[in-house]
J.: 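One structure coming up, written as structure tokens, with questions to follow.
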Amino acid sequence: MKAIVYHGKEDMRVESVPDPGLQSSTDVLLRVERTAICGSDLHLWHLDSPLGTDGFVVGHEFLGTVEDVGHGVATIAKGDRVLVSCTIGCGRCASCRRGVYSGCSTASQGGTVTNVFGFSPVYNGGQAEAVRVPFADVNCFKVPEALSDDQCLFLTDILPTGFMGTELAEVGAGDRVVVFGCGPVGTFAQRCAQVRGAAQVIAVDPDAGRLARAAARGCEPIDPSREDVVARVLELTGGAGVDAAIEAVGRAELVAQAAMVTRAGGRVAVIGVILAPIEVPWPIFFNKNLSVRTGLVNPQVYIPHLLPLIESGRLDPTEIISHRLPLADGRRAYEMFAAHRDNVLKVVLTP
Ligand SMILES: [Zn+2]
Ligand SMILES: [Zn+2]
């Protein structure tokens with residue numbers, strides 16, 4: 001089959017690789033119909049593999065039709081159209097039973113962040129014509145008849161991630177919220193804050209195109225390349241600061257800015273991916289009694305809450321799709337996404 005294979009820094013290649021097969025009785029084999037490139041795939045693009053390996057299939061956002069089913073799978077059948085959680089849980093270990101599938105001790109096989117599709121040879125990813133899905137009863141979710149593939153694709157990762165930002169920051173009715181980042185995850189964090197009844201959503205991003213999209217969604221835009229973010233947020237909130245700040249980029253200085261613009265007793269959520277130790281102005285968090293929460297997403301927890309919001313039309317995840325390309329153009333798609341070329345926001349690939 002054809003797949004996008006990681007070979008090191010800025011080296012993703014569309015190649016022929018062996019077809020995947022079932023390896024365990026709890027696996028299913030999925031024929032991929034849609035897949036997307038994520039900002040976290042760019043960590044692989046920009047850096048050498050965090051796990052020091054190459055030659056694996058990338059991609060953790062995909063959906064498709066079930067082609068083969070292990071005899072231990074109870075709830076998923078051949079022919080089902082399913083979306084798949086990017087983080088793989090076993091459903092039975094202590095972490096999974098607490099709903100922290102990302103910390104699954106069984107699926108991680110002892111590694112760190114190894115239980116995500118497409119980041120290591122442990123689980124090949126879904127930017128491919130087919131993919132093996134372990135613990136299918138836990139990680140596959142049937143796509144409702146009435147919804148399209150495009151409406152459900154982002155439930156695999158970035159929509160639950162954006163929603164998790166608003167959960168961790170406890171965004172509620174009447175809150176003033178700032179979201180750092182207007183990429184796909186930031187966009188969904190802004191949308192989810194609005195759905196939860198935020199009175200004001202402030203969006204920060206230096207990309208003019210992305211900032212204009214945020215303004216069109218009803219956010220108050222701040223361009224950090226032209227304005228003092230802290231002063232401007234305080235101005236927009238009448239000097240009070242926001243109730244909740246969501247960092248959706250993954251940069252230490254934005255975590256610091258989040259603390260500076262949040263009112264005493266407020267909440268800061270960090271959903272951007274930060275892979276190295278960072279320095280933060282801890283006295284600000286301490287003196288202002290700020291709560292800080294972070295973590296890798298558990299789509300399994302949020303998908304049941306988000307599907308009805310899509311079905312009712314209150315969330316339209318397709319709004320972020322800016323480009324559609326065949327899987328065969330995968331390398332070009334990575335180059336475009338990495339360079340922010342052509343006002344790209346989200347690239348969907350079709351095998
Ligand atoms: Zn992703
Ligand atoms: Zn588990």
Side-chain angles (χ1 to χ4, degrees), residues 4 6 12 24 26-27 32 34-46 50 57-63 72 83-120 122-128 131 133-141 150 152-165 181 183-189 248-250 271-275 295-303 306 317 320-322 330 333-334 337-338 344-349:
I4 303 180
Y6 172 77
M12 303 279 191
S24 155
T26 52
D27 290 351
V32 177
R34 286 279 194 292
T35 178
I37 301 177
C38 180
S40 50
D41 292 324
L42 293 182
H43 285 293
L44 287 173
W45 177 261
H46 289 304
V57 179
V58 291
H60 57 271
E61 301 179 355
F62 53 87
L63 61 68
L83 67 101
V84 178
S85 165
C86 60
T87 47
I88 303 163
C90 73
R92 300 180 69 169
C93 73
S95 286
C96 286
R97 288 203 309 273
R98 289 188 189 101
V100 190
Y101 298 89
S102 55
C104 177
S105 54
T106 308
S108 67
Q109 299 188 10
T112 306
V113 202
T114 44
N115 61 321
V116 182
F117 286 98
F119 278 93
S120 75
V122 179
Y123 299 107
N124 274 315
Q127 287 169 11
V131 60
V133 179
F135 306 108
D137 285 320
V138 179
N139 303 304
C140 290
F141 292 81
D150 287 345
C152 293
L153 178 57
F154 306 127
L155 285 166
T156 55
D157 173 9
I158 54 171
L159 179 52
T161 299
F163 183 76
M164 184 181 81
V185 170
T187 297
F188 286 148
V249 180
I271 53 175
V273 178
I274 299 175
L275 291 174
L296 186 57
V297 68
N298 295 291
Q300 297 93 335
V301 175
Y302 301 122
I303 287 167
L306 291 164
I320 66 162
I321 300 173
S322 61
Y334 267 91
F337 191 45
V344 65
L345 186 58
K346 190 71 175 178
V347 184
V348 172
L349 301 171

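Just so we're clear, the structure is a prediction, and the values are computed from it rather than from any experiment. First listed ligand is number 1; within each ligand, the first listed atom is number 1.
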J.: Say whether Ser85 and Asn139, considering side chains only, have a donor N or O and an acceptor N or O under 3.5 Å apart.
T.: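 No, no side-chain donor-acceptor pair sits under 3.5 Å.
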J.: Could you confirm whether Asp41 has any N/O/S atom lying under 2.8 Å from the Zn ion (ligand 1)?
T.: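 It does not: Asp41 brings no N, O or S atom closer than 2.8 Å to the Zn ion (ligand 1).
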J.: Quick one: angle Cys90 SG - the Zn ion (ligand 2) - Cys96 SG, to the nearest 10°?
T.: 120°
J.: By atom name, which N, O or S atom of His60 is the nearest to the Zn ion (ligand 1)?
T.: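 So the atom name we want here is NE2.
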J.: Quick check: of its N, O or S atoms, which one does Glu61 have closest to the Zn ion (ligand 1)?
T.: OE2
J.: Test Ser102 against every option in Asn298, Thr87, Asn115 by the side chain to side chain donor-acceptor pair (under 3.5 Å) rule and name the one that passes.
T.: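 Checked Asn298, Thr87, Asn115 against Ser102; only one passes side chain to side chain donor-acceptor pair (under 3.5 Å): Asn298.
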J.: Please name the atom of Asp157, restricted to N, O or S, that is closest to the Zn ion (ligand 1).
T.: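 The nearest such atom is OD2.
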J.: Taking 2.8 Å as the cut-off, does Cys38 contribute an N, O or S atom near the Zn ion (ligand 1), distance below it?
T.: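 It does: Cys38 brings an N, O or S atom closer than 2.8 Å to the Zn ion (ligand 1).
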J.: Can you name the one residue among Leu155, Leu159, Leu153 that meets side chain to side chain contact (heavy atoms under 4.5 Å, CB included) with Pro317?
T.: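 The option that passes is Leu159.
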J.: Are any of the side-chain heavy atoms of Phe119 and Ser40 separated by less than 4.5 Å?
T.: yes
J.: Are side-chain heavy atoms of Ile158 and Lys346 found at a separation under 4.5 Å?
T.: yes
